[in-house]
Amino acid sequence: MRWFFRRIATCLVLAWAVSLVVFMTLHIVPGDPAELLLSTGGIAADPVAVKELRIKLGLERPILDQYLSFLGGVARGDLGTSLVDEFPVTKEIALRLPRTLELILAGTLLAVVLGIPAGTYAALHRGGLFDRIVSGAAALLLAIPVFVVGTLLVLVLAQMLKLMPAGGYVAFAQDPAKHLTLLTLPAIAIAKSLAAVVFRMTRASVLDALSKDFVRTARAKGLAPSRVLLRHVIRNSLTPVVTVLGLHMGTLLGGTVLVEYVFNWPGLSTPLLRAVEARDYPMVVGIVLTISGLFLLINLIMDLVYAALDPRVRAA
Amino acid sequence: MKRLWLPGGFVAAILLIALLAPLLDLPNPIRQDIARRLSGPIPGSPLGRDEFGRDVLSRLIWGARTSLGVAFASALIAGAIGTMIGLVGGWFRGIGELLTVRLVDVILCFPPILLALLVVTLLGPGAATLILVLSVLYVPGFARVAYAEVLSARSNDYVEAVRALGAPTGRILLRTVLPNIAGPVLVQFSLAVAAAVVVESGLSFLGLGVVPPAPSWGLMIRGARATMEQAPLMLLWPCAALTLTILAMNLLCDALRDWVDPRTPARRPRLRLVDRLLPGLLPPAEPKPETVLDVSGLTVEIETPLGAIKPVEDVSLSVRAGETVALVGESGSGKSLTATAVMGLLPPAARPAAGAAWFGDRDLLRLSEPELRRLRGGAVAMVFQDPMSSLNPVHRAGDQVAEAIRAHQEVSVADAKARALDLFRRVGIADPERRLNAYPHELSGGMRQRVMIAMALANRPRLLIADEPTTALDVTVQAQILDLLAELKRETGTALIFITHSLAVVAEIADRVTVMYAGQVVEQGPVAQVFGTPLHPYTRALLGAVHESDAAPVGIPGVVPQPHAFPTGCRFAPRCAHAIAACSAAPPPLEEAAEGRLVRCIRWTDLAGAKAA
């Protein structure tokens, strides 16, 4: 239990550190955001307009004052309004976050469902045809950037073979079948590196577990092979796989930005990219904070899963 | 090393092409020629032209220059800053560590592309922004590696020595520590370059990295994506270039890591082709009714890349109900392999090549796996040497015992648990209710071995094989476990095969003893007789060694030969003080010296006579 509370506390400290970094970045980076925002196209901004915008953004107030109101806003869930269309940032995020979450969940699920059995089979038949082919494929999958995979999927499956729609989104409530069809390709693109990583880690840790003394003990007890495999080999191989899943969540979350862009999936990345181009600070800050917070949360969950899997961690 | 050449060569070739781009006489990569937009291969443009009529090959090569330039620049900056941070943090620890290593760790709380987008918002896209962002992203990686290496390096003798000489801190860090952490930092550098290429291309693909019209692979894919219906090939070239580069870099990273950190030796020691003796194909003897287990002529063969070896050869031994037979020998004498062969638990490469192991009227060596499985843990059980590694760390001790019961008996989970509790009591585990729910790491070594014994006894075995069950334990605990085994054997009438290298233990627990050397039985007989009048020089040497200390027989010069290097004649001859020329000429037979006493030595009568005289 002490372990649990310490882990939660660490997570909160990190969340605070993240918000501080985001806030500091806005104020440390050289140049005046207001001036930058208004001087697109190389023409110097009107000083009066800059002054007005600075007041609107609260940049005229003392920095500590600004920080406290920023922190208060984050705590209340109020992330300001968009500079482009005055739309509340929190509302925009609330609308789009579930779609991004769905993509992440589908991708992770796909990666686990493919990676763990494939990794186990490859380990049990080490050096066999399956092992060699899939290990090679995993190295290739890890090397192809996610947006290349996405683009090639669209090119081959949508443009050339006309098997799948090129992208888009339909709400699940509106048309479940269409929704899932549209989810398929983005989920595959998201899952590809993670599946390769899970495969590699599972293969390595199953191979490791197979040579363990407790597996010999399990066999010496006369357990059925399936039980030895499930309870003593795979069960014990899961802990490193969970660790690796957590480590790759950052890449995965970054990948969603690219995948949503490639497949026109209306998650968080559309407003994020639009906001980055329009220098809509409140929107960028809001979304970056949200996804980073999500990242911390996923890592916390991974650690809890890890502790659930391995009693030795709980004791420490 | 070999694995380094191919990807290394590929990466070097890409680097060379990128570096030499200005000298290659390529068309201007940003000159537009709308008239020839999206044309296929034409003279002067082997890969065709893009949506603005720009030469694709030229943009590909100049794009490599951009991508790799950005990646190397940012990895170099991150490497320099991160390594310094790690060095300082690792050297000063305390507050220095907090302000350096722990502080940059906050960067790791951001998904990389997100942090990049935040900075791009503020600074606008461009190569300079990219380099800044990517450097920041990879600082923590270098800082961590350098920090960890400094921590391990600072405790090393050579660093201690330089410190003791009073050298200034800065000089120690740069001159002594830095060169020694170069390997891991180099690996980190290659990882950072590969990762930077990925992030750079991703951001450029989003239109937020390299600014057009400058060529970049990410931008080329972005451009070709708009026209992929008309010109799909245009998309393939930059995709292939990017993927191949990253693949080569990843492989190079893996190879570098193996090279810097050879955790597993790449190659096993070369085995010399064994001199294959004639296989001792004894006709399997008939089962003897009075014995529980009767092993005769057991030979275990292991396939190695350079031929088969026989680490166990022609071993015979038997054990009756209620009797304890000790199997004694140094490490590598084949004791454990003999036991695992009987259990049907040989490692995949090994197989029983000859002989039989009669358990009742069944030959354990020839049973099918399902039949064998019903016996294992049931009528035949085994206790292993190291109870820590032999228990599964993630399951409760009681569950692991209950599991053994349910593998052989149709009982409910609750009943199995209740029986496990009884067993815990019987093997003398204090506070058994609580221990039932304990995980192995919460138990002491002796307690764990008691759990292992409870597990082995779960189904009332007729034969119990204990493979050095006390070796990993404290001396006082050893005695308790031996007492426990003796007591349980008396109560249940189980036949016990006790494998050990300790003769003191043999004297305490066994009725008969089989001494093994280099895969063969060299002497066999009742404990009192073998200890009283040892016939084989090896037994005598073992006993001599024991009198001096309780530990392994240090008194015998040399070590047990490896299976691929067994001498042709007597295998003990090279270490034997009494060896004569005839000993090495031919393998000595196992002779019956007296009723129930066997010895494998051609000189045993001479030596016995000499001793008597």
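In the text below, chain A, chain B and the rest are named by the order of the sequence lines, each starting its count at 1. Just so it is clear, the model here is predicted, and its values are computed rather than measured.
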Flag the pair A:T151 / B:L235 as yes when at least one side-chain heavy-atom distance between them is below 4.5 Å, and no otherwise. yes
Measure distances from B:M452 to the heavy atoms of chain A and classify the residue's part below 4.5 Å as side chain, backbone, both or neither. side chain
Most heavy-atom pairs under 4.5 Å with chain A, out of B:P112, B:P393, B:A404, belong to B:P393
Do you know the tightest heavy-atom contact between A:R219 and B:G344? NH2-O, 3.8 Å
Find the one option among A:L155, A:V148, A:V288 whose heavy-atom pairs under 4.5 Å with chain B are most numerous. A:L155
Pick from A:V262, A:V257, A:L296 with the largest number of heavy-atom pairs that fall under 4.5 Å of chain B: A:V262
Greatest number of heavy atom pairs closer than 4.5 Å to chain B - which of A:G250, A:S292, A:A220: A:A220
Does any heavy atom of chain B fall under 4.5 Å from the side chain of A:L272, the backbone, both, or neither of them? side chain
Please tabulate, for the side chains in residues 136-146 of chain A, all donor-acceptor contacts under 3.5 angstrom to protein atoms that are two or more places apart in sequence or on a different chain.
none

Sort by residue number and list every member of residues 378-387 of chain B having a non-hydrogen atom under 4.5 Å from chain A. B:F384
Would you mind checking which part of A:F295 comes under 4.5 Å of any heavy atom in chain B, side chain (CB onward), backbone (N, CA, C, O), both or neither? side chain
So does A:R126 have more than 12 non-hydrogen atoms from other groups sitting under 6.0 Å from CZ? no
Less than 4.5 Å apart, any side-chain heavy atom of A:K221 and any of B:R376? no
B:R222 side chain reached by A:Y261 side chain, heavy atoms, under 4.5 Å: yes
Aromatic ring pairing A:F147/B:F205, orientation class (parallel under 30°, perpendicular over 60°, tilted between): parallel
Does any part of the side chain of B:S389, heavy atoms only, come nearer than 4.5 Å to the side chain of A:F214, both counted from C-beta? no
Checked A:K212, A:H232, A:M249, A:R231 vs chain B; the most non-hydrogen pairs under 4.5 Å come from A:R231
Given side chains that start at C-beta, do those of B:V394 and A:T239 come closer than 4.5 Å, heavy atoms only? no
Taking every heavy-atom pair that is under 4.5 Å apart, which of B:I246, B:I405, B:I113, B:N392 has the most such pairs with chain A? B:N392
When A:V276 is tested against each of B:T121, B:L206, B:L118 for side chain to side chain contact (heavy atoms under 4.5 Å, CB included), which residue passes? B:T121
Max heavy-atom pairs within cutoff under 4.5 Å with chain A, candidates B:G202, B:A224, B:G124, goes to B:G202
Taking every non-hydrogen atom, the tightest pair across B:V120 and A:R279: O-NH2, 4.5 Å
Smallest separation among heavy atoms of B:L114 and A:G254, with atom names: CD2-CA, 4.4 Å
Given the rule in the side chain to side chain contact (heavy atoms under 4.5 Å, CB included) test, do A:T217 and B:M455 qualify, once you have shown the distances and angles that lead to the verdict? CA-CA 10 Å; A:T217 307; B:M455 197 184 285; 3.8 Å; yes
One option among B:N250, B:V106, B:L345, B:V198 has the most heavy-atom pairs under 4.5 Å with chain A, and it is B:L345
Given heavy-atom pairs under 4.5 angstrom as the criterion, report whether the side chain, backbone, both or neither of B:F110 touches chain A. both
When rounded to the nearest 0.5 Å, the distance separating CZ of B:R225 from CG of A:L152 is 11.5 Å
Heavy atoms of B:A407 and A:G222 approach each other most closely as CB-O, 3.9 Å
Contacting moiety of B:D254, where chain A heavy atoms sit under 4.5 Å: side chain
May I ask you to name which of B:L242, B:L132, B:V197 has the most heavy-atom pairs under 4.5 Å with chain A? B:L242
Within the 4.5 Å heavy-atom criterion, are B:P232 and A:Q159 side-chain neighbours or not? no
Portion of B:L236 that has a non-hydrogen atom of chain A nearer than 4.5 angstrom: side chain
Contacting moiety of A:A218, where chain B heavy atoms sit under 4.5 Å: neither
State which residue, out of A:I291, A:V284, A:L273, fulfils the side chain to side chain contact (heavy atoms under 4.5 Å, CB included) condition with B:L117. A:L273
